[in-house]
Amino acid sequence: MKLIVVKDYEEMSLKASLIIKELLMRKKDATLGLATGSSPIGIYQNLIKYYQNKEISFKDVKTYNLDEYCELPRSHPESYYSFMHRNLFSSIDILEENVHIPCSEGSDLQALCKEYNDLLHQADIDLQLLGIGANGHIGFNEPNTPFTQETWVVKLTEKTRLDNQRFFNSLDEVPTHAMTMGIKNIMQAKCLLLVASGKNKALAIKRLASGEVSEECPATILNNHPNAIVIVDEEAASLIK
């Protein structure tokens, strides 16, 4: 695992976006695994600029998103389907048929999980972008998720729901469940690129940087990946000795 410490969120976003830009310049039909939340927004803003400057194109790119809330229709402004279109897809030349986001609209969530998992088995993800939760979760794989887990429906912890409350009017509006790629799916990407910013991520980054791999902190599995890059700002790195 390669750990890179930078000054702030802006530099973290720039370094990560340049890695993705380099991949797309080298491989125009690359397959990307994408993440949501506040961490990747700066990266997506940079990728939009590179596209607008005609440095890269997304017309042959395929994407697979990590996760999606259950209980929210895709039309809801806080669904991850809406998030991705608002923050990236609507501003680039990606084809809608090349966009893959878990669908939780329907009564048979297990069938929808299997459908997305089957898609992931057919995909060959070149780079998977990741954030990290304050409790070390990646995707919505909470602490003590088996490393062998594939796409599934997760009951969100109170901590995760409280962390995401800022996007909703109240905690009552925050979904209690989400559909997520499992850790096994994530680890099958050729490259993992994890970004973290802010003091609230410092403890999780300390555990990740320790090298000890434990299901109690799901992100520590990155230590077992042959090509994992972790870019953190000074605040997120503040507990690393």
Side-chain angles (χ1 to χ4, degrees), residues 8-10 12-13 16 33-48 63-91 96 99-110 112-113 116 128-145 149 151-183 185-186 194-205 217-219 232-233 235-236:
D8 53 23
Y9 179 85
E10 286 69 29
M12 177 201 81
S13 301
L34 298 179
T36 52
S38 52
S39 296
I41 288 177
I43 297 168
Y44 296 154
Q45 288 171 344
N46 287 332
L47 291 176
I48 290 167
T63 65
Y64 291 82
N65 261 74
L66 277 168
D67 42 32
E68 176 62 284
Y69 284 124
C70 300
E71 305 149 46
L72 292 187
R74 284 188 157 183
S75 58
H76 191 285
E78 292 307 326
S79 77
Y80 288 159
Y81 180 91
S82 293
F83 174 99
M84 289 305 307
H85 285 79
R86 183 169 64 246
N87 287 291
L88 181 63
F89 296 149
S90 64
S91 300
E96 189 63 35
V99 168
H100 304 88
I101 299 172
C103 178
S104 64
E105 288 187 319
S107 56
D108 193 344
L109 289 178
Q110 295 311 315
L112 291 168
C113 274
Y116 198 65
Q128 176 66 60
L129 182 61
L130 298 166
I132 184 171
N135 63 2
H137 74 241
I138 49 175
F140 271 125
N141 296 286
E142 300 283 14
N144 299 308
T145 299
Q149 182 68 54
T151 310
W152 63 311
V153 173
V154 183
K155 185 178 191 302
L156 302 179
T157 64
E158 198 70 6
K159 170 73 175 136
T160 296
R161 292 183 69 235
L162 285 166
D163 286 346
N164 289 345
Q165 183 181 341
R166 67 189 188 277
F167 301 114
F168 295 84
N169 294 320
S170 70
L171 185 62
D172 289 341
E173 291 186 17
V174 182
T176 57
H177 291 75
M179 190 181 295
T180 184
M181 279 189 203
I183 294 171
N185 303 108
I186 291 168
L194 185 146
V195 295
S197 171
K199 277 198 164 66
N200 66 318
K201 304 294 175 74
L203 188 57
I205 293 300
C217 183
V232 301
D233 69 5
E235 286 191 344

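Only this structure's heavy atoms are used, side chains among them; waters, hydrogens and symmetry mates stay out.
Taking CE of M84 as the start and OG1 of T63 as the end, the distance is 6.5 Å to the nearest 0.5 Å. To the nearest 0.5 angstrom, D67 atom CG is 4.5 Å from T180 atom OG1. Interatomic distance, CZ of R161 versus CD of E173, reported as 11.0 Å (0.5 Å rounding). Separating the CE atom in M181 from the SG atom in C113 is a distance of 12.5 Å, to the nearest 0.5 Å. A distance of 8.0 Å separates CD1 of I41 from CZ of R86, quoted to the nearest 0.5 Å. Here the straight-line distance linking atom CG of L66 with atom CD1 of I186 works out to 5.0 Å at 0.5 Å rounding.
The closest side-chain heavy-atom distance from N65 to Y81 is not below 4.5 Å. C103 has its side chain out of reach of E68: every pair of non-hydrogen atoms, C-beta onward, lies at least 4.5 Å apart. Using a 4.5 Å heavy-atom threshold, the side chains of H85 and R74 count as separate. By the 4.5 Å heavy-atom criterion applied to side chains, Y69 and F83 are not counted as neighbours. Between P102 and L112 the shortest side-chain heavy-atom distance does not fall below 4.5 Å. Side-chain contact between F168 and P175: present, with at least one pair of heavy atoms (C-beta onward) separated by less than 4.5 Å. Contact of the Y80 side chain with the L34 side chain is not registered, since no non-hydrogen atoms from C-beta on lie closer than 4.5 Å. The side-chain heavy atoms of L72 and S104, taken from C-beta on, include no pair separated by under 4.5 Å.
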Report the C-alpha separation of F140 and T145 in whole Å, then their side-chain angles, then the decisive distance to 0.1 Å, and conclude whether the side-chain contact (heavy atoms from CB on, under 4.5 Å) test is met. CA-CA 10 Å; F140 271 125; T145 299; over 6 Å; no
Going through the distances and angles, do Q128 and Y64 end up as a side-chain contact (heavy atoms from CB on, under 4.5 Å)? CA-CA 9 Å; Q128 176 66 60; Y64 291 82; 5.8 Å; no
Between I48 and Q45, is a side-chain contact (heavy atoms from CB on, under 4.5 Å) present by the stated rule, with each step listed? CA-CA 5 Å; I48 290 167; Q45 288 171 344; 5.5 Å; no
Could you go step by step and tell me if K201 and V232 meet the side-chain contact (heavy atoms from CB on, under 4.5 Å) rule? CA-CA 9 Å; K201 304 294 175 74; V232 301; over 6 Å; no
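The minimum heavy-atom distance linking P40 with A35 is given by the pair CG-O, 3.5 Å. The nearest pair of heavy atoms linking M12 to V195 is SD-CB, 3.7 Å. Counting all heavy atoms, side chain and backbone alike, A204 lies closest to A134 at CB-O, 3.8 Å. For C217 against G136, the heavy-atom pair with the smallest separation is SG-CA, 3.8 Å. Minimum heavy-atom separation, A196 to I205: CB-CD1, 3.7 Å. Residues I138 and P218 approach most closely at CD1-O, 4.0 Å, considering heavy atoms.
Remark: side-chain polar atoms of S79 are not paired, donor with acceptor, to backbone N or O of S75 under 3.5 angstrom. Formation of a donor-acceptor pair under 3.5 Å by the S197 side chain with backbone atoms of D233 is not found in this model. No donor-acceptor pair under 3.5 Å is formed between the side chain of Y116 and the backbone N or O of W152. Judged purely by atom type and a 3.5 angstrom limit, N46 has no side-chain atom pairing as donor or acceptor with the backbone of I43.
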